[in-house]
Amino acid sequence: MRILIVEDSTVLRDSLSQGLREAGHAVDSAADGRRGLLFAQTTDYDVIILDWMLPELSGIEVLEKIRAKGVASSVLMLTARDALDDRVHGLNTGADDYLVKPFALRELLARVTALSRRRHGAASPVLRAGPLAIDVVARTVRLDGEPIALAPRQFAILEYLALRMGRPVPRAELEEHLYDDRSQVFSNAVDSAVCALRATLEEAGCPTLIHTRRKVGYVLTEPETTPGSP
């Protein structure tokens with residue numbers, strides 16, 4: 001998924017960016033509220049990690065403005081303010097979750113994953129597509145119980161399509177959610193990455209689940225059955 005971090009502490013911002021990238025996510029970051037607002041309004045992020053106390057614009061001000069503009073990205077507020085009234089104010093303003101500093105990276109990763117699942121109506125951390133079991137927490141894939149080794153980009157594509165099971169996903173949307181501003185994206189990057197994912201799944205014995213929709217993009221479906229099959 002693609003994530004935006006708006007945090008004025010360079011140490012924390014860089015640490016979170018590194019941890020999230022190592023977990024396989026595309027990450028953009030901003031050091032102040034005004035730049036964070038610009039990013040949030042121009043890119044469709046899956047999750048925005050937003051500090052409360054920021055220069056230029058506070059996190060609450062950023063939150064108010066993006067919700068007023070109809071930005072639907074899930075928002076996780078970071079703050080040292082743990083008073084009940086502050087938490088209620090943040091949630092009532094449009095935050096989806098709240099994490100008090102200091103916190104462990106593992107907890108933040110878990111909350112980010114849960115927010116993404118909740119946004120797409122996935123109750124379980126294990127997404128299923130035919131014989132595939134895709135664990136978005138452990139970031140593993142199993143075919144009929146046997147593990148399949150996927151590269152981080154391949155897993156990210158499979159996860160994104162699985163969260164939108166049955167819905168064609170345009171190439172441009174995949175590109176926007178899988179690559180951040182640091183990535184060098186070539187014109188055929190998405191097609192090449194999907195092709196590599198298909199090859200890995202097919203080599204493991206998986207039936208064809210990822211289909212091309214001409215002039216649109218890709219869709220993940222249940223295995224197709226032939227007439228007379230169970």
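Position 1 is the first residue of the sequence, and the numbers go up from there.
Thr140 places none of its side-chain heavy atoms less than 4.5 Å from the side chain of Ile148. Counting heavy atoms from C-beta on, the side chains of Leu16 and Leu108 come closer than 4.5 Å. Leu57 has its side chain within reach of Lys65: a pair of non-hydrogen atoms, C-beta onward, lies under 4.5 Å apart.
Cluster membership for Met77 and Val47, using ILVMFWY side-chain heavy atoms within less than 4.5 angstrom, is not shared. Both Leu78 and Leu109 sit in one connected hydrophobic cluster of ILVMFWY residues. Membership requires side-chain heavy atoms under 4.5 Å apart, directly or through other members. Val27 is not connected to Phe39 by any chain of hydrophobic side-chain contacts under 4.5 Å among Ile, Leu, Val, Met, Phe, Trp and Tyr, and they are in different clusters. Note on Val169: it clusters hydrophobically with Leu150, by side-chain heavy-atom contacts below 4.5 Å among ILVMFWY residues. One hydrophobic cluster, built from ILVMFWY side chains closer than 4.5 Å, cannot hold both Ile49 and Val100; they sit in different ones.
Between the side chain of Thr93 and the backbone N or O of His89, at least one donor-acceptor pair lies under 3.5 Å. Between the Glu107 side chain and the Ala104 main chain, no donor and acceptor come within less than 3.5 Å of each other. Between the side chain of Glu61 and the backbone N or O of Ser58, at least one donor-acceptor pair lies under 3.5 Å.
In this structure, Arg171 forms a cation-pi arrangement with Tyr218, its terminal cationic atom sitting closer than 6.0 Å to the ring centre and no more than 45° off the ring axis.
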Next on the checklist: salt bridge (Lys or Arg N to Asp or Glu O under 4.0 Å), that's the test. Do Lys101 and Glu7 meet it? Break it down for me.
Outcome noted: CA-CA 12 Å; Lys101 299 176 182 179; Glu7 166 62 57; 3.1 Å; yes
Item to check | Worked check of side-chain contact (heavy atoms from CB on, under 4.5 Å) between Leu163 and Val136 | outcome: CA-CA 10 Å; Leu163 284 168; Val136 300; 5.5 Å; no
Next on the checklist: Evaluate Val126 against Arg128 for side-chain contact (heavy atoms from CB on, under 4.5 Å), listing each step before the verdict.
Outcome noted: CA-CA 7 Å; Val126 179; Arg128 298 194 177 274; 4.1 Å; yes
Next on the checklist: Let's go through Leu132 and Arg142 carefully: what are the C-alpha distance in whole Å and the side-chain angles of both, what is the deciding distance for side-chain contact (heavy atoms from CB on, under 4.5 Å) to 0.1 Å, and is it a yes or a no?
Outcome noted: CA-CA 6 Å; Leu132 286 183; Arg142 291 182 177 273; over 6 Å; no
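Summarising the geometry of Val216 relative to Pro168, their closest heavy-atom pair is CG1-CB, 4.0 Å, with the distance given to 0.1 Å. Nearest heavy atom pair, residue Pro55 against residue Asp8, reads CD-CB, 3.6 Å. The two atoms that bring Ile134 and Ala162 nearest to each other are CD1-CB, 3.8 Å, heavy atoms only. When every heavy atom of Ala193 is checked against every heavy atom of Arg153, the shortest pair comes out as CB-CG, 4.4 Å. The two residues Ser74 and Leu115 come nearest to each other via the heavy atoms OG-O, 3.7 Å. Heavy-atom minimum distance, Ser73 versus Asp44: OG-OD1, 4.2 Å.
Ion pairing between a basic and an acidic side chain is recognised when a charged N comes within 4.0 Å of a carboxylate O; Glu159 and Arg164 show no such pairing. A salt bridge links Arg67 with Asp96: the distance from a Lys NZ or Arg NE/NH1/NH2 to an Asp or Glu carboxylate oxygen falls below 4.0 Å.
For the atom pair CZ of Arg167 and CG of Leu161, the computed distance is 9.5 Å after rounding to the nearest 0.5 Å. Summarising the geometry, atom CG belonging to Leu12 is positioned 9.0 Å from atom OG belonging to Ser17; distances are rounded to the nearest 0.5 Å. Here the CZ atom belonging to Arg34 is positioned 8.0 Å from the CG atom belonging to Asp32, to the nearest 0.5 angstrom. To the nearest 0.5 Å, atoms CG (Leu127) and CE (Met165) are separated by 9.5 Å. Of the inter-residue distances, the one linking Leu209 atom CG with Leu220 atom CG reads 6.0 Å to the nearest 0.5 angstrom. Taken to the nearest 0.5 Å, the OG atom of Ser9 stands 11.0 Å off from the CG atom of Leu54.
In summary, the side chains of Arg198 and Thr212 do present a donor paired with an acceptor at a separation below 3.5 Å, with no hydrogens or angles considered.
Under the ring-ring contact (aromatic ring centres under 6.0 Å, His included) criterion, no residue pair touches residues 131-157, with sequence neighbours excluded. Note on residues 20-29: pairs passing side-chain hydrogen bond (donor to acceptor under 3.5 Å, both in side chains), not counting sequence neighbours, are Arg2-Asp28, Gln18-Glu22, Arg21-Asp180, Asp28-Tyr45.
The side-chain contact (heavy atoms from CB on, under 4.5 Å) test with Ile3 is passed by exactly one of Leu20, Ile48, Asp46: Leu20. The side-chain contact (heavy atoms from CB on, under 4.5 Å) test with Leu50 singles out one residue from Val6, Leu76, Leu4, and that residue is Val6.
Classification of the Tyr160-His177 ring pair by plane angle, with boundaries at 30° and 60°, yields tilted.
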